[in-house]
Amino acid sequence: MRIATWNVNSIRQRLDYTVGWLRANQPDVVCLQELKCTDDAFPRLEIEGAGYNVAVHGQKGFNGVAILSRHPLEDVMTGLPGDDADEQSRYLEATISTDGGSVRIASIYLPNGNPIASPKFDYKLAWMDRLTARARMLLELEVPVVLAGDYNIIPMPIDARFPENWLADALFQPESRGRFRALAALGYTDALRACSDDEKIYSFWDYQAGAFQKNNGIRIDHLMLSPQAADRLKATWIDRDERARDKPSDHVPVVVELEIPIR
DNA sequence: ATGGTCGGGGTCCGA
């Protein structure tokens, strides 16, 4: 089973590239982030036309997450538990079932958190605590779980081309990185690091100052696997070519292949 | 030394 995560930075601006990527790569599941549109404005027919079922949790102008699946989407859960007052659309969870097995998958758009001396950073940390609580619950299911998305976390210095540039950024604070590490300590595996020897591998390059041309990138899009998913991990990669296109997203797809046969 | 780019929705905010 092939599972991808991609922050598309507006699904309406990136619809052609998204459909083209689905056709070329034939993933079983894709988690999308930063849709920047409401459920009603999501281009559902075009995605369905490419052969995918759709679960959407949209929001006008900002945020918004979706799960696309070639297989039925079951038990869809919208929003991250733990704060009924949180109105930002950043979390969506569903079960993908095939005859070869089922996977619980979350599409995550973790808050950016900048600037660090602001309520936005507090919101980020509180959101991460809620995510950790949810991740702990999911482990109790003892099934393959994939928590995929834009975590807005640079886990380690090797995950940035120029780590010194990020010292004052919410993406690289000890509090943010510590919470990501806590997720790993629960028993979740960072799929890309578990299955790639390439240290200089990034998933985001800023639009400004020719960051992509200089390979001034960071790795902030992650697929975290429960033990039952990690046991089935076959391969991971990042589709860097998507960033070289005209008018691209600033993020590229990150992909995992799990040994869950599709029958 | 400065500012550099996108997207959405409206002439600024979020990233």
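Protein chains get the first letters and strands the later ones, always in sequence-line order, with residue 1 at the start of each.
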Query - Inter-nucleotide C1' distance (dG3(B), dG8(B)), Å rounded - result: 23 Å

Query raised in the report: If you measure from the C1' atom in dA1(B) to the same atom in dG7(B), how many Å do you get, rounded?
Result: 29 Å

Report task. To the nearest Å, give me how far apart CG (N216(A)) and C1' (dG4(B)) are. Result -> 12 Å

**Report entry** Spacing of the P atoms in dG4(B) and dG9(B) (rounded, Å)
**Finding:** 24 Å

Query raised in the report: Does a side-chain N-to-carboxylate-O contact under 4.0 Å join R219(A) and D190(A)?
Result: yes

Quiz: residues 160-168 of chain A side-chain donor-acceptor pairs under 3.5 angstrom, not counting sequence neighbours:
none

Query raised in the report: So, D231(A) side chain and Q228(A) main chain: donor-acceptor pair closer than 3.5 Å or not?
Result: no

**Report entry** Integer angstrom distance from the P of dT11(B) to that of dT5(B)
**Finding:** 23 Å

Query - Distance between P atoms of dG10(B) and dC6(B) (Å, rounded) - result: 22 Å

Report task. Spell out, as yes or no, whether a donor-acceptor pair under 3.5 Å connects the side chain of S203(A) to the backbone of D221(A). Result -> yes

Requested in this report: Using a 4.0 Å cut-off on protein heavy atoms (strictly under), produce a 5'-to-3' string for nucleotides 6-15 of chain B with B for base contact, S for backbone-only sugar-phosphate contact, and - for none.
Outcome: SSSS----BS

Query raised in the report: Can you tell me if Y109(A) uses its side chain to pair, donor with acceptor, with the backbone of N7(A) under 3.5 Å?
Result: no

Query raised in the report: Given S107(A), which of Q33(A), R90(A), E93(A) fulfils the side-chain hydrogen bond (donor to acceptor under 3.5 Å, both in side chains) condition?
Result: Q33(A)

